[in-house]
Q: 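The following block contains the structure, expressed as structure tokens.
This is a predicted model, so every value here is computed, not measured. Start at 1 and go down the list; that is how both ligands and their atoms are numbered.
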Amino acid sequence: MSFRAKHLLGIEHLRPEEIVTLLDLADTYVDLNRRSIKRSNVLQGLTQINMFFENSTRTQASFEIAGKRLGADVMNMSMQASSIKKGETLIDTALTLNAMHPDLLVVRHPHSGAVNLLAEKVNCAVLNAGDGKHEHPTQALLDALTIRRAKGRLHRLNIAICGDIAHSRVARSNILLLGKMENRIRLIGPPTLMPTGIEHFGVEVYDDMRKGLDGVDVVMMLRLQKERMDGGFIPSEREYYHRYGLDTEKLAFAKDDAIVMHPGPMNRGVEIDGTLADDINRSVIQEQVEMGVAVRMAAMDLLARNLKAERGARATGVMV
Ligand code: ASP
């Protein structure tokens, strides 16, 4: 099998073949999810724990549904209510859970790198459901699957990622993934919302939407991550919408068949016009949510196979 990863911590260490393997498997799960009986038993007998230290609607629900459809025993830890409040460290919490023998640990955390740290301390497969400004690998994979199904390919496309790039783990994971698949990436946004060291990203940078969107195949909008801003990065939301918000007038600069994406949650009238977001002829935002479940099923299936192979090898004393 060409998917060898033990954990899914980011896109950074995935090889293009591993990405393709995962997306191909996810395609089969899209079919399963469209049937009236959505059931497989590939995770039967395995325990999945979802630990979300930061709010989430889509991602948590998506991982929960994904695990249940594959037959896992799924538990959602409410981290607000847990011992974290009593001062227990992330590592202590992880070690306590580890002693309960989970097989898949899905973790979201406000600090970049926290999920990687946790993965070093446990004996199960860890999936990063978003860590600070660092990575959100399943979001990039679901975006890739959405693009591949809409455009018929995932290479040699012109893709614009627009808005608050600096605070966005979605942008970072997408830049890594789409770059590995040899696409041309343009980042569009105000200079105050561009990360430092942008010149090393292998992307083109624009601060004018009309110029940046010219002739692109895909327009990916991002939410203004106000919770990660500690000062005035934009003059006002009104001004931001005027210059960087996506509406039909600005979209007209992209290709006629360009698709519009947004990872959610959306601020309608701030980064995107609400009517455009709902236009099923241009927007694939609902497809992104659908692909999210399939991609998470594929990711957990592949990691569980590797975990079982490793445990089997350890039991028989064979090195893998
Ligand atoms: N839901 C995505 C994330 O968790 C995007 C966002 O919050 O804007 O990063």
Q: Using a 4.0 Å cut-off to any heavy atom of His136, which atoms of ligand 1 qualify?
A: 3 (C), 4 (O), 9 (O)

Q: Short list, please: which atoms of ligand 1 are under 4.0 Å from a heavy atom of Val170?
A: 2 (C), 5 (C), 9 (O)

Q: With the side chain counted from C-beta on, respond yes when Leu154 and Ile147 share a heavy-atom pair under 4.5 Å apart, and no when they do not.
A: yes

Q: Mark the output for Arg58 as yes if a heavy-atom distance to ligand 1 is under 4.0 Å, and as no if none is.
A: no

Q: Can a side-chain donor-acceptor contact be found between Asp73 and Gln48 if the only test is distance below 3.5 angstrom?
A: no

Q: Quick check with a 6.0 Å cut-off and a 45 degree axis cone: is Arg296 positioned over the face of Phe63's six-membered ring?
A: yes

Q: Atoms of ligand 1 less than 4.0 Å from Arg223 heavy atoms?
A: 6 (C), 7 (O), 8 (O)

Q: What protein heavy atom sits nearest atom 9 (O) of ligand 1, and how far off is it?
A: Arg169 NE, 2.9 Å

Q: Going by heavy atoms, is Ser168 under 4.0 Å from ligand 1?
A: no

Q: Okay, side chain of Asn98, backbone of Asn123: is any donor-acceptor separation there less than 3.5 Å?
A: yes

Q: Donor-acceptor pair, Glu12 side chain versus Leu176 backbone, under 3.5 Å?
A: no

Q: Considering only heavy atoms from C-beta outward, does the side chain of Val74 approach that of Ile65 to under 4.5 Å?
A: no

Q: Closest non-hydrogen protein atom to atom 2 (C) of ligand 1, residue and atom name please, with distance?
A: Gly264 O, 3.6 Å

Q: Passes side chain to side chain donor-acceptor pair (under 3.5 Å), Tyr241 versus Glu239? Steps please.
A: CA-CA 5 Å; Tyr241 181 65; Glu239 172 74 9; over 6 Å; no

Q: Looking only at N/O atoms, are Thr59 and ligand 1 under 3.5 Å apart anywhere?
A: no

Q: Numbering the atoms of ligand 1 from 1, which are under 4.0 Å from a heavy atom of Arg108?
A: 4 (O)

